[in-house]
Each structure stands twice: as structure tokens, then as C-alpha cells.
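The structure under discussion appears below in the form of C-alpha cells.
Throughout, a chain's letter reflects where its sequence line sits, starting with A, and its residues are numbered from 1. No experiment lies behind these values; they were computed from the predicted model shown.
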2 protein chains.
Amino acid sequence: MINFDNNHPTCEHCTFSPFCTIEEKNSRWMSQINRAVKQHYHLKKNEVLYLPQNTFRNIYAIQRGNLKTYQVDADGNELIRGFYFSGEVLGFEAIYTRHYLFSAVALSDSVICEIPYDNFLELLHLSPPLQKHILYLMSQQLNVGSYLFSITAEQRLAAFLIDLSYRLNPSEMQTTFLLPMSRQDIGNYLRLTAETISRLLSQFKENKIIAIDHKKIEFLQLEQLKLIADMNDGRCKI
Amino acid sequence: MINFDNNHPTCEHCTFSPFCTIEEKNSRWMSQINRAVKQHYHLKKNEVLYLPQNTFRNIYAIQRGNLKTYQVDADGNELIRGFYFSGEVLGFEAIYTRHYLFSAVALSDSVICEIPYDNFLELLHLSPPLQKHILYLMSQQLNVGSYLFSITAEQRLAAFLIDLSYRLNPSEMQTTFLLPMSRQDIGNYLRLTAETISRLLSQFKENKIIAIDHKKIEFLQLEQLKLIADMNDGRCKI
DNA sequence: CGCCGTATTGAGCGCTCTCAAGCTAGGTGG
DNA sequence: CCACCTAGCTTGAGAGCGCTCAATACGGCG
């Protein structure tokens, strides 16, 4: 059964925690919650959470683990649309179409909370603070991956790494962490090739901006990295 | 004063119309609405609706006209983040940060409905169908501009033109319409140069896929255009 | 009519892709 | 324990798409 304790370590940094641990902890509310958060899935690496064309019925909060979402086009090419980490929420994009648009698969062993959308709507109505919080989360998702608008490969990768460091550990920014995905997946997401990612990581390493050894990465000059991320190549002058 | 008549021509295709013309038309509801939709702005071409760093207080529905949102980076380069047309809603991206992230300016003379966010939240709580509708709209915005993920310039422009034709006239897809923005703005939005846009439009015209004369564009082979938009260049085979 | 912003078209260049060849780490089986 | 195998990563050389720079044409507006 689900542990709704406020101090449950795996819920501590979940962006959905107001949903599960909201202040009014009376029995009626808890029974509502128990109806809302239906079950936990345990996914092993490469296992599927949902597939495109599946009817949209639930949104999902990641209690622990990492996932990616992707489309497959007519030619069979995979296009990664997002990465999701502990405490983040998947499925909002499917409210609109009533079916999922992407495939969602685990990048590592993961635990997922399933929340049926109908229960979700009902709870939102019962709790204005929760309603406000959900609009906040969706607004946040509107701005995720804004660095994909950057032009050069260097900018996009630098911004991606910084974003990753924040999202992997929401409580405090980490300068050392493990990349949860392959070079191939990073490249696919940033619309670059794995070779370009590999070359750029080597270049950053060469310039002592990062240290990198396989999946383990460390920021040596965070400010320099931020500079690269914000840096513009001089196009589009007003 | 605002005309809340259901048949008001300018509200007919507004995605926000449930907000203003929702079924329960009792006096209490109308007074709520009157408090919610605060006023209408009349913007002339190039006039500003909001600026980055302005405190977020309102969301805006476009009653008539076209707007663009953009960022300006440290080097003074403009980066267009979105186009918005009659009946669409701006400002959701600012809920999260409590201040606007972009500049919003009119591409043509426009009329805008201003809805204070606090009133908006209150109304959502009063009307579950409205709450559901807003989640629908925000979910929709999560998927806007997905063609920016396409790789080739040809793909991106073709998908942009198709998207435009739907959004300029939500009730029925138009094969002939006027481009509301410059080549420069299209290029900026698609992360291409104005020269590339110009060359591609000429190429589509050469291939009899579209007819184009200045701002006036006509789809001659819509299916072919859709094929180009979906077409992949063969990268990222699984 | 003359001005100026916008659009078109051309020539050359550079960034990123493609293709290809090694390399490394981790897993498997003998 | 080691030989092998495979997937992922690195690195190099060449090609191509879209950018840069530049010249010209067009059109709206005073």
C-alpha cells in the first residue's frame, strides 16, 4: 500500500507532493487521495509506461527513476520529446488529444504513481490550492526545454547539462552527477548526432569546463558553462 | 462595455468562449464574469501587450488580431517564441514564474481581453467544466510548435504553413490566406534565416506546391505539402 | 517622386552530418 | 580467470545544408 507520510523519502521532492500530502489530512481527504492515487508501477529499464494511441486515462508522477518520451515517425525514426526525472509528472500533453502522443519508457528502474484523470479533476475541484499548484506545474512544463531554441550545438548541450543538474536533484544543484541517458539519446533530444555530443563533451573536457568519465560528469567551471549556454552566435540582430 | 452575447461574432471562435459564454447564465455568474474579464485593450501594430519582468497578473485572450512573443538575449538578438491568433490565449507560461518571460507585441491591430489571474482561479473553482476546459487549453499549448523538432528547413516551413492555415481560421482549414508576419519573423521562429524562408517559398512555388504573391499564399497541393512536413531525412534509424 | 524597409537571388563558407574505423567497458560462457 | 562479444563511445575525413555577406528589386508611404 502507498505510504502517504509527509516524510516519506521518495515523496519528499515530488512536485506532486501537495497532491498526496496536502495540509488537510482528515479522513475524508485521505479516502479521496486513496481513490485518486490508484497504484504504483515498478518499471525495469526499457519497460514501457504508455504507448501512443493508448487512450488517455491517467497522469503519472515519477516517485523514483528516469523516463524518456518519444515519437516514432513513418520512417521508423525515434524522436525524443522529453526526459522526466524523480518527482516530475508525465501525461499532461495527452489531456488535449484524449490519447497519448508519445511512447514513455524507463531509462532506469523506476517507480511510478498512477493518477486517473477523472479522480484528478475531482480532487482539483475539492482543493483550490491544489488546483493552483497544478496550473503552476503545467505552466512550468510550457517552458521546459527552451534551450532547444538555441542555435549552436555548443549552446544546446551546455544548457541541457545545466538543466539536467538542476532537475536530477531539485533541492540543491549538483556539480557532480551521472548522466541517466546515452549520448545517442542526448543527441536525439537536442536534434544533434551522438558523434556531435561526443565531440562537444570532449571539447568541454579539453577546455577544463567539465570533467567527464563515461556517465560521470562534473562541472569544473559552472559560470563558463552558463556563459556558453547563454552565448549567442550573433545572428538575428534587431 | 463587453458584449457577452453568445453570438458576438468576435467571440464565436475564441478558445476562451466557455469562459465568457458558459451555459449557466444566471445573474450571479454574469457578475462573476464581469469581475473576471476586466477590460479590452485595443493594440495597434507593433504595440506592446506585456514585457518580460512585468509582474504576472493577467492572462489574455485575443478577440481579434495577431501577436508574437519573443525574448531578447544579452546580445540584443530577438528570439520569437510563438505566434498567437484570434481566439487564442497568452500568458500561461508566466503562471510558473510570476512574471512574464517574453515580450508580447501586436503584428496587426488587435483587440485583447484581459483576465486577472486571481479572478480566473476563482472562476475555475466555481465551474468544473471551465476548469476542465482550461486544462485542455494548456495541454494543447504543450504541443504547439512541435514541428520545431523537425530537422530540415523544408519540413519545418511546410509544417508551419499548415499549422498557420488551421489556426488562422479554426472553423475550417483555409487554402488561401494572408501571412500575418514577415519572412524575417517566420525565419526567426523556425530558427532559419529570412533568406532561407524566401528561397524555400520560391522553391515550393517553382514546384507548384503553393502559389505565393507577397503576403498572399495559396496551397495548390496540400497533400504534397503535408508529405513534406512529415517527411524525414532518414536520420536516427532505430 | 524619392525614401526605406522588406523580399529575392547569388556566391562562398562553415557547422554539423555522414560514413567509417577503432576503442572501451561490461557481460557471457568456457 | 580469460577470450570473446556487443553496445556504446570516440575520433577522423569528407560532404552538404543552411548561414553570411552582398547586390538588386519591389512596394508602401510620406
Query raised in the report: Is K205(B) reaching over with its side chain to a backbone N or O of D213(B), donor-acceptor style, under 3.5 angstrom?
Result: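 No.
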
Query - Heavy-atom donor-acceptor pair, S139(A) side chain to F92(B) backbone, under 3.5 Å - result: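 Confirmed, S139(A) side chain pairs with F92(B) backbone.
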
Query raised in the report: With no hydrogens and no angle check, do the side chains of E154(A) and Q203(A) hold a donor and an acceptor under 3.5 Å apart?
Result: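 Side-chain D/A pair, E154(A) to Q203(A): present.
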
Send over the distance from [X] [atom1] to [N] [atom2], rounded to a whole Å.
X	N	atom1	atom2	value
K45(B)	dC29(D)	NZ	P	8 Å
N77(B)	dC19(D)	CG	P	14 Å
L178(B)	dG27(D)	CG	P	15 Å
E206(A)	dG12(D)	CD	P	11 Å
I228(A)	dC15(C)	CD1	C1'	16 Å
K216(A)	dA25(C)	NZ	P	14 Å
I217(A)	dC9(D)	CD1	P	13 Å
Q155(A)	dT16(C)	CD	P	10 Å

Side chains of residues 218-225 of chain B: which donor-acceptor partners sit under 3.5 Å, not counting sequence neighbours?
from	atom 1	to	atom 2	distance (Å)
Q221(B)	NE2	K208(B)	O	3.1

**Report entry** Pair E206(A) + R199(A): basic N to acidic O under 4.0 Å
**Finding:**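 No, this pair does not count.
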
**Report entry** Listed partners of Y41(B) passing side chain to side chain donor-acceptor pair (under 3.5 Å), at least two apart
**Finding:**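 Testing Y41(B) for side chain to side chain donor-acceptor pair (under 3.5 Å), a comparison that skips the adjacent residues, returns E114(B).
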
Quiz: residues 161-174 of chain A side-chain donor-acceptor pairs under 3.5 angstrom, not counting sequence neighbours:
from	atom 1	to	atom 2	distance (Å)
D163(A)	OD2	Y147(A)	OH	2.8
D163(A)	OD2	R167(A)	NH1	3.0
S165(A)	OG	I162(A)	O	2.6
R167(A)	NE	E88(A)	OE2	2.9
R167(A)	NH2	F83(A)	O	2.6
R167(A)	NH2	E88(A)	OE1	3.0
N169(A)	OD1	S171(A)	OG	3.0

Requested in this report: Apply ring pair (Phe, Tyr, Trp, His ring centres under 6.0 Å) to F102(A) and list each qualifying residue two or more places apart in sequence or on a separate chain.
Outcome: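 Here no residue qualifies.
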
Query raised in the report: Bend across the helix from dC1(C)-dG30(D) to dG30(C)-dC1(D), to 10°, with axes taken over 5 pairs at each end?
Result: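 End axes: 30° apart.
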
Requested in this report: Let me have a per-nucleotide readout for nucleotides 6-11 of chain C, 5' to 3', with B, S or -, counting only protein heavy atoms under 4.0 Å.
Outcome: -SBBBB

Query raised in the report: So, is T193(B) near the phosphate of dG18(D), with a side-chain N or O under 4.0 Å from OP1 or OP2?
Result: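 For dG18(D), OP1/OP2 do not have a side-chain N/O of T193(B) under 4.0 Å.
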
